[in-house]
Amino acid sequence: MLSFDITDRHIRIIRGTEAHGKIKVADASTIDINEGLIVNGHIKDIPKMATIINDELKSKRMADKEAVISISSNLIIFKELHIPKAKGTQLLTMVQNQMQHTMGIAEDYSISYTIAGEVEEEGVQALKVLATACPFEVVDCFRKVFSMLGIALRSVVVSCNSISRIILNDPKSKAKMPMLLVQIDPNFVSLNLYENNQLTFSRFASIDPEDYENSEDYVYEAVNENIFRMFQFQKSRNGDNPIQNVVFYGDTSEYIRLTNALEQMDISTSLLGVPNNIGGYENFEFQAYANAIGAMFRSNKDTERINLIEVDAASGRTSAGASFALSVLGAVVVSAAVVGAVWLFADIQENGFIKETAEIQEYLDSPEVAAKIAAVDTAQAKLDKVNSVKSVLDVAATNYNSLPVLTTQFFEDIEANFKGTGVKWIEVSYGDGAATVKCIAEKNDEPATVVANFFEQDIFDNITYNGFEKKKDEQNAAASGYEFTISFDIREVELEEDAAENGTEEAAAETN
């Protein structure tokens with residue numbers, strides 16, 4: 001089997017085998033991609049990409065009939081969800097519906113998930129799920145490429161899920177948790193947080209020298225900045241269990257400098273090691289191909305549905321989905337035929353009404369009856385789907401009706417984080433219990449200061465900061481600077497208290 005780790009600038013390929021939870025690598029190769037051919041995981045020229053891969057496979061004699069892929073993209077959305085306990089297709093449907101509702105995304109996303117544990121909400125146990133939403137077009141690009149190559153594409157997974165198969169299969173990693181795994185590349189930084197032998201958070205950030213004033217040390221600065229954000233994030237969500245270990249892989253040329261910086265914070269560092277169940281890596285750099293190797297492991301469907309081709313098929317959105325539906329229908333028809341045959345045989349033996357039985361059988365085989373049975377099956381399938389969606393919508397409606405109302409204090413709390421800096425607001429948007437503040441800073445170090453203020457304030461949840469972008473407005477100098485956004489969830493209890501206080505003050509004013 002072939003396994004590909006595909007980013008915007010590189011394709012890492014390995015050929016190997018997987019058996020009984022062990023990987024044996026036979027060959028490895030890397031293709032450097034010209035800028036613009038792949039943008040945020042989206043292939044801009046599918047025939048050209050197919051030609052490039054085909055030429056490489058031929059030159060390295062790495063031909064095979066099957067392949068799996070690990071992909072990375074800034075367009076992939078990560079979200080922690082709390083889902084009522086369910087299994088299989090029902091759980092997948094609930095995850096997909098809740099992602100579409102809470103994130104405001106349409107059905108043109110391929111949504112997968114991993115179970116990260118359990119939580120208790122209002123006395124009821126629920127599943128804590130880390131969901132990923134990847135644009136369907138990104139996945140479909142790779143389907144088309146491998147169709148042109150004549151290679152059966154068995155799996156497409158997001159890179160955080162492929163590397164997790166290596167981490168969670170290595171007993172040494174479990175002893176380091178909570179652990180931050182950092183993949184370094186001149187074009188991006190990928191960070192995965194592991195707790196209790198589960199992936200609990202993932203972040204992928206593209207990096208560019210222009211974001212760091214074209215500094216020669218932009219990679220080092222970007223990695224430091226993103227690690228700091230993850231430390232603050234973990235502190236806000238689980239202050240009693242801070243990150244103590246950071247593991248690096250990918251481009252580790254800055255490993256010594258990063259280690260020296262982190263050791264001053266009492267943080268231990270190490271390089272990603274090779275688990276005992278992986279062999280044949282001696283002739284190439286394991287860390288460069290770690291994602292591709294991880295993609296070869298079989299997934300555990302009891303705890304994850306991470307194959308984007310499979311989840312699309314389960315949703316009936318691809319030809320694979322149609323084949324899946326036909327196979328299920330065929331199984332139902334065969335089962336019904338077997339049961340019918342047994343029943344008829346018993347009836348004939350018992351009563352001897354051969355002629356009557358033949359007439360009944362002829363009636364059952366008639367097109368009219370077949371059409372009625374098909375209509376009943378279709379109606380039942382639609383009813384099951386409607387009931388499943390209704391249960392999710394009922395929960396969503398309850399959650400929506402309990403959303404808090406914004407007050408003046410809410411805006412004052414936000415404004416407090418900008419005092420003493422040169423950061424100004426551009427706009428604030430709010431919806432579904434979450435807010436996003438768009439800002440402009442005079443200096444590139446001010447966004448990090450403001451984000452740190454939000455964490456220290458400790459009145460908002462799930463604070464997210466995805467970096468800044470340098471803006472220049474020739475006509476309005478005040479609009480030039482470093483633009484960034486901060487997103488966060490609003491604690492309902494805080495807003496209820498603020499509303500109560502405002503109501504008391506208004507009542508006192510009316511009395512006076």
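Values in this document were obtained by computation on a predicted structure and should not be read as measured data.
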Exercise. Report yes or no: do Tyr249 and Gln183 form a side-chain donor-acceptor pair below 3.5 Å?
Key: yes
Quiz item: Looking at Thr259, Asn260, Asn245, which hits side-chain hydrogen bond (donor to acceptor under 3.5 Å, both in side chains) with Thr269?
Solution: Thr259
Quiz prompt | Set of residues satisfying salt bridge (Lys or Arg N to Asp or Glu O under 4.0 Å) with respect to Arg203, sequence neighbours excluded | solution = none
Quiz item: salt bridge (Lys or Arg N to Asp or Glu O under 4.0 Å) with Asp489: which residues, sequence neighbours excluded?
Solution: none
Quiz item: Who passes salt bridge (Lys or Arg N to Asp or Glu O under 4.0 Å) against Arg298, sequence neighbours left out?
Solution: Glu18
Quiz item: Can you name the residues that form a side chain to side chain contact (heavy atoms under 4.5 Å, CB included) with Val451, not counting sequence neighbours?
Solution: Phe455, Tyr465, Ile486
Quiz item: Do the side-chain N and O atoms of Thr485 and Thr436 include a donor-acceptor pair separated by under 3.5 angstrom?
Solution: no
Practice problem: Determine whether more than 12 heavy atoms belonging to other residues, nucleotides or ligands lie under 6.0 Å from atom CG of Asn34. | Solution: no
Exercise. Compute the ring centroids of Phe136 and Tyr109, then answer whether they are less than 6.0 Å apart.
Key: no
Quiz prompt | salt bridge (Lys or Arg N to Asp or Glu O under 4.0 Å) against Lys85, all qualifying residues, sequence neighbours excluded | solution = Glu118
Quiz item: Do we see a donor-acceptor contact under 3.5 Å between the side chains of Asn214 and Tyr218?
Solution: no
Quiz item: Within the side chain of Gln98, is there an N or O that forms a donor-acceptor pair under 3.5 Å with the backbone of Val95?
Solution: no
Practice problem: May I ask you to check whether over 12 heavy atoms, not counting those of Glu210, lie within 6.0 Å of atom CD? | Solution: no
Quiz item: Are side-chain heavy atoms of Asn226 and Phe228 found at a separation under 4.5 Å?
Solution: no
Practice problem: Look at the aromatic rings of Phe488 and Phe410 and report parallel, tilted or perpendicular, splitting at 30° and 60°. | Solution: tilted
Exercise. Give a yes-or-no answer on whether the side chains of Gln457 and Asn417 include a donor-acceptor pair shorter than 3.5 Å.
Key: yes
Quiz item: Under the side chain to side chain contact (heavy atoms under 4.5 Å, CB included) test, which residues partner Ile52, sequence neighbours left out?
Solution: Ile31, Leu37, Lys48
Quiz prompt | Any donor-acceptor N/O pair, Thr449 side chain to Asp445 backbone, under 3.5 Å | solution = yes
Exercise. Could you tell me whether the side chains of Glu456 and Gln232 share a donor-acceptor contact shorter than 3.5 Å?
Key: no
Quiz prompt | Lys176 and Ser270 side chains, donor-acceptor separation under 3.5 Å | solution = yes
Practice problem: Test ring pair (Phe, Tyr, Trp, His ring centres under 6.0 Å) on Phe188 and Phe204 and set out the steps. | Solution: CA-CA 7 Å; Phe188 66 85; Phe204 180 92; 4.9 Å; yes
Exercise. Mind telling me whether Phe454 and Phe460 have parallel, tilted or perpendicular rings, with 30° and 60° as the class edges?
Key: tilted
